[in-house]
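Some notes on the structure that comes next.
Not measured: the values here are computed from a predicted model. In what follows, every chain begins at residue 1, and chains take the letters A, B, ... in the order their sequences are listed. Just so you know, these numbers use all the heavy atoms, side chains as well, and skip hydrogens, waters and symmetry mates.
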Amino acid sequence: MVDEEKKVDEKGLSELPEVNGEVVLRFAPNPSGPLHIGHARAAILNQEYIKKYGGKLILRIEDTDPRRVDPDAYGMINDDLLWLGIEIDEKIIQSERLPIYYEYAEKLINIGGAYVCTCEAGEFKKLKDNSMVCPCRDLDVEENLKRWNNMQNLSEGEAVLRVKTDIEHKNPAIRDYAAMRIVDAEHPRTGKKYKIYPMMNFSVTVDDHLLGITHVLRGKDHIANSEKQNYIYRYFGWEVPVFIHYGRLKMEDIALSTSKARTGIEEGIYSGWDDPRLGTIRAIARRGIMKEALYELMNEIGVKIADSTVSWKKIYGLNRAILEEVANRYFFVWDPERVKIGDLPESAVGTVKRPLHPDFLERGYREIPFKENICLVKGDIKNDKVLRLMDSVNIVFKDKKAIFHSSSFEEAKEAGAQLIHWIPDADNLKAEVIMPDASIIKGFVEPECKNLKVGDVVQLERFGFARLDEINNEKLIFYFAHK
RNA sequence: GCUCCGGUAGUGUAGUCCGGCCAAUCAUUUCGGCCUUUCGAGCCGAAGACUCGGGUUCGAAUCCCGGCCGGAGCACCA
């Protein structure tokens with residue numbers, strides 16, 4: 001009992017209205033590409049509500065427009081959901097359900113809720129915009145059934161099934177909208193098997209009802225669709241799910257649209273769907289953004305109808321809080337400069353130990369061999385200033401030559417030394433870090449990085465968090481997350 | 001253009017339904033300070049908002065009207 005109350009408090013999500021026991025929700029992307037941050041919002045919100053109330057989450061692939069289907073998208077969507085940790089209870093693909101839609105289309109005609117319209121599209125629009133009915137509307141059920149059965153003998157554009165709504169509705173889009181249309185194109189999954197395809201408003205309504213969906217979460221761009229769908233629910237006497245519309249999610253500095261990304265990939269501007277400049281889930285994942293950060297973000301934004309703008313800074317902030325604990329620390333010397341320390345006492349030579357994580361010493365230490373030949377970040381080198389090489393010695397540059405200054409940390413403090421990191425000149429590994437703008441920063445990492453595995457997210461000290469993406473001939477390739 | 005919907009600090013959010021406990025919550029951000037052998041983290045402090053104008057009321061972020069700004073829809077896409 002007490003736990004239940006707590007749970008509600010923890011989540012920033014507002015309560016779903018009209019919940020009676022368990023909920024049935026669905027995530028319904030159309031397979032035009034991989035998932036992006038906008039999809040993640042829908043998927044995560046649905047998932048969170050399932051967690052909150054219990055119930056079932058259905059994945060529905062909406063591939064009823066053969067021309068807008070990317071065959072690769074089915075697999076990419078699965079991968080992306082897996083990465084997001086979305087637990088799907090049931091999955092359906094609309095292109096496999098065409099007979100069901102035909103069945104209900106016929107039923108709708110039978111009860112006088114739909115008619116086959118053979119008007120030319122422009123002609124119909126003209127009539128509709130003036131609240132005038134088209135001649136097809138008044139044909140009787142029998143005639144309509146005949147026309148419906150004949151539809152598959154027609155070609156694209158010659159006929160369409162319309163839902164009878166209110167021809168005087170003040171929103172012209174609502175007036176007798178299309179439910180089914182003819183498409184003369186091959187479907188990537190079903191080929192030429194079908195010719196008549198449902199419009200989204202029809203298939204969505206039929207499916208939402210058959211699947212027992214209780215609440216529909218979707219963007220406010222669907223407000224008019226919700227209203228359209230209401231007509232079908234009313235004709236069939238079905239219970240209407242609760243529609244919840246949320247506002248647009250704008251990402252700063254990001255090309256959100258799938259089509260733009262696709263074009264960029266085709267033109268070779270982007271390396272692929274996981275190019276760090278893109279807002280796809282896979283691109284975000286590749287950069288070491290944790291799914292938990294996205295969950296927090298989506299929970300925070302919630303389902304309000306006003307638009308929200310999200311910046312990378314915001315995501316970085318959330319992600320840093322997660323990575324801070326997770327990521328072990330390593331030295332990465334970018335823009336490296338080879339340095340030989342003069343007058344280095346023999347006693348200073350040895351192995352330096354630094355914790356993998358300063359706050360979790362139990363994780364152990366990494367060992368870095370230290371002797372006179374090292375690499376430093378070029379930008380750290382300044383003449384006549386004492387530099388503290390972390391956990392080793394203090395040096396100073398005179399006429400661009402490094403010489404030993406002192407050993408202890410106290411002496412470094414006294415000299416007001418800057419604390420810098422370093423890498424042995426000989427014993428190191430090549431590394432590259434791919435930045436968010438796809439530029440590459442080259443350098444070396446400390447030897448113990450050889451123990452890292454692809455997918456590990458680390459903090460490169462004084463540089464930032466990065467995810468190991470690839471190990472290529474002893475060279476480590478990281479993707480930069482953020483500072 | 002038409003129809004509809006929004007507008008709380010830089011950003012995100014709470015509060016708005018059922019006016020007073022709101023000189024407005026929390027987080028992030030930014031800036032100081034402390035601490036720290038990372039430019040990370042932590043700790044302390046500070047900065048910063050009810051879109052504007054009227055009205056109703058003893059009292060308005062909350063209700064009403066208008067302006068401004070923003071968004072969505074206006075397909076045989078989803």
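Counting any heavy atom pair closer than 4.0 Å across all strands shown, A:Arg68 reaches a base atom. Nucleic acid contact class of A:Ala121 (heavy atoms, under 4.0 Å, all strands): base. At the heavy-atom level, A:Ser32 lies nowhere under 4.0 Å from the strands shown. As judged by a 4.0 angstrom heavy-atom cut-off over every strand, A:Asp391 is placed among the base-contacting residues. Residue contacts for A:Asn225: at a heavy-atom cut-off of 4.0 Å it reaches a base atom on one of the strands shown. If you check every strand for non-hydrogen atoms under 4.0 Å, A:Asp176 touches nothing. Heavy atoms of A:Pro31 sit nowhere under 4.0 angstrom from any nucleic acid atom. Counting any heavy atom pair closer than 4.0 Å across all strands shown, A:Lys413 reaches no nucleic acid atom. Contacts of A:His222 with the nucleic acid, taken as non-hydrogen atoms under 4.0 Å apart, include base atoms.
The cationic atom of A:Arg366 (NZ for Lys, CZ for Arg) lies less than 6.0 Å from the six-membered ring centre of A:Tyr330 and within 45° of the ring axis. Relative to the ring axis of A:Trp422, A:Arg388 does not place its NZ or CZ within 45° and under 6.0 Å from the centre. Figure legend: A:Arg175 and A:Phe124 shown without cation-pi pairing, the cationic atom not lying both under 6.0 angstrom from the six-membered ring centre and within 45 degrees of its axis. By the 6.0 Å and 45° rule, A:Arg363 stacks over the aromatic ring of A:Phe360.
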Exercise for the section: Would you sort out whether A:Trp148 and A:Tyr115 count as a ring pair (Phe, Tyr, Trp, His ring centres under 6.0 Å), showing the intermediate values? Expected result: CA-CA 8 Å; A:Trp148 165 246; A:Tyr115 61 94; over 10 Å; no
Problem - Step-by-step side chain to side chain contact (heavy atoms under 4.5 Å, CB included) determination, A:Arg181 to A:Tyr197 - result: CA-CA 6 Å; A:Arg181 82 320 195 163; A:Tyr197 288 87; 3.5 Å; yes
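Of the N and O atoms on the side chains of A:Glu325 and A:His357, not one donor lies less than 3.5 Å from an acceptor on the other residue. Side-chain N/O atoms of A:Glu266 and A:Thr263 include no donor and acceptor closer than 3.5 Å. Of the N and O atoms on the side chains of A:Ser32 and A:Asp70, not one donor lies less than 3.5 Å from an acceptor on the other residue.
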Give me, pair by pair, the N or O atoms of the protein and of nucleotides 40-47 of chain B that are less than 3.5 Å apart, along with how far apart they are.
unit_1, atom_1, unit_2, atom_2, d
B:rG40, O4', A:Gln459, NE2, 3.4
B:rG40, O2', A:Glu324, OE1, 2.9
B:rG40, O2', A:Gln459, NE2, 3.4
B:rG40, N2, A:Glu324, OE2, 3.2
B:rG40, N2, A:Asp359, OD2, 3.2
B:rA41, O4', A:Glu324, OE1, 3.3
B:rA41, O4', A:Glu324, OE2, 3.3

Please tabulate, one pair per line, each protein N/O and nucleotide N/O from nucleotides 2-11 of chain B that are separated by under 3.5 Å, including the distance.
unit_1, atom_1, unit_2, atom_2, d
B:rC4, OP1, A:Lys170, NZ, 2.6
B:rU11, O3', A:Thr309, O, 3.2
B:rU11, O2', A:Thr309, O, 3.2

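Considering only side-chain atoms of A:Met390, the nucleotide from B:rU13, B:rG73, B:rU37 that sits closest is B:rU37. Listed nucleotides: B:rG71, B:rU13, B:rC76. Nearest to the side chain of A:Ile301: B:rU13. Here the side chain of A:Glu300 is nearest to one of B:rA78, B:rU37, B:rA27, namely B:rA27. Nearest to the side-chain atoms of A:Met199 among the listed nucleotides B:rU37, B:rG73, B:rC76 stands B:rC76. Relative to the side chain of A:Ala173, the nucleotides B:rU38, B:rC76, B:rG73 differ in distance, and B:rG73 lies closest.
The CZ atom of A:Arg262 sits 14 Å away from the C1' atom of B:rC77 (whole-angstrom rounding). Distance A:Tyr177 OH to B:rG73 P: 18 Å, rounded to the nearest Å. What separates CG of A:Asn299 from P of B:rU28 is a distance of 16 Å, to the nearest Å. In this entry the distance linking CZ of A:Arg218 with P of B:rG71 reads 23 Å, nearest Å. In this entry the distance linking CG of A:Asp221 with C1' of B:rA72 reads 7 Å, nearest Å. A:His36 has its NE2 atom 11 Å from the C1' atom of B:rA78, to the nearest Å. Remark: P of B:rU36 and CD1 of A:Ile420 are 21 Å apart, rounded to the nearest angstrom. Spacing between atom CZ of A:Arg175 and atom P of B:rC76 amounts to 14 Å, rounded to whole angstrom units.
In this structure, the aromatic ring of A:Phe463 is not positioned over the six-membered ring of the base of B:rU38 within 5.5 Å between centres and 30° between planes.
Distance noted for atom C1' between B:rG32 and B:rG71: 39 Å (whole Å). B:rG59 sits 15 Å from B:rG19 when the P atoms are compared, rounded to a whole Å. Comparing B:rG70 with B:rC76, their P atoms are spaced 29 Å from each other, to the whole Å. Using C1' as the reference atom, B:rC5 and B:rA9 are 24 Å apart when rounded to the nearest Å. Spacing of C1' atoms, B:rC64 relative to B:rG10, comes out at 32 Å, to the nearest Å. Rounded to whole Å, the separation between the C1' atoms of B:rG40 and B:rU25 comes to 29 Å. With C1' as the reference atom, B:rU13 and B:rG20 are 24 Å apart, rounded to whole Å. Here the separation of B:rU57 from B:rC65, taken at their C1' atoms, is 16 Å to the nearest Å.
Interatomic distance, CZ of A:Phe27 versus CD1 of A:Ile44, reported as 9.5 Å (0.5 Å rounding).
Residue-to-nucleotide proximity on RNA chain B shows that, of A:Leu318 and A:Met180, the 5′-proximal contact is made by A:Leu318. Place A:Trp334 and A:Gly122 on RNA chain B by their nearest nucleotides, and A:Trp334 ends up nearer the 5' end.
Side-chain nitrogen and oxygen atoms of A:Arg181 include at least one within less than 4.0 Å of the OP1 or OP2 phosphate oxygen of B:rA78.
Counted within 6.0 Å of NZ on A:Lys442, heavy atoms from surrounding residues, nucleotides or ligands total 12 or fewer; the atom is thus considered open.
Looking at heavy atoms from C-beta onward, A:Ile315 lies in side-chain contact with A:Ile37 at the 4.5 angstrom threshold.
Aromatic ring centres of A:Phe331 and A:Phe463: separated by at least 6.0 Å. Aromatic rings of A:His421 and A:Trp334 (six-membered ring for Trp) have centroids within the 6.0 Å cut-off, being under it.
Using a cutoff of 4.0 Å between basic side-chain nitrogens and carboxylate oxygens, A:Asp307 and A:Lys220 are scored as salt-bridged.
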Fill in the blank from the handout: Note, RNA chain B 5' to 3' with Watson-Crick or G-U pairs under 3.5 Å encoded as ( ), [ ], | and . gives (((((((..(((.......[.....)))((((((.......))))))...(((((..]....))))))))))))....
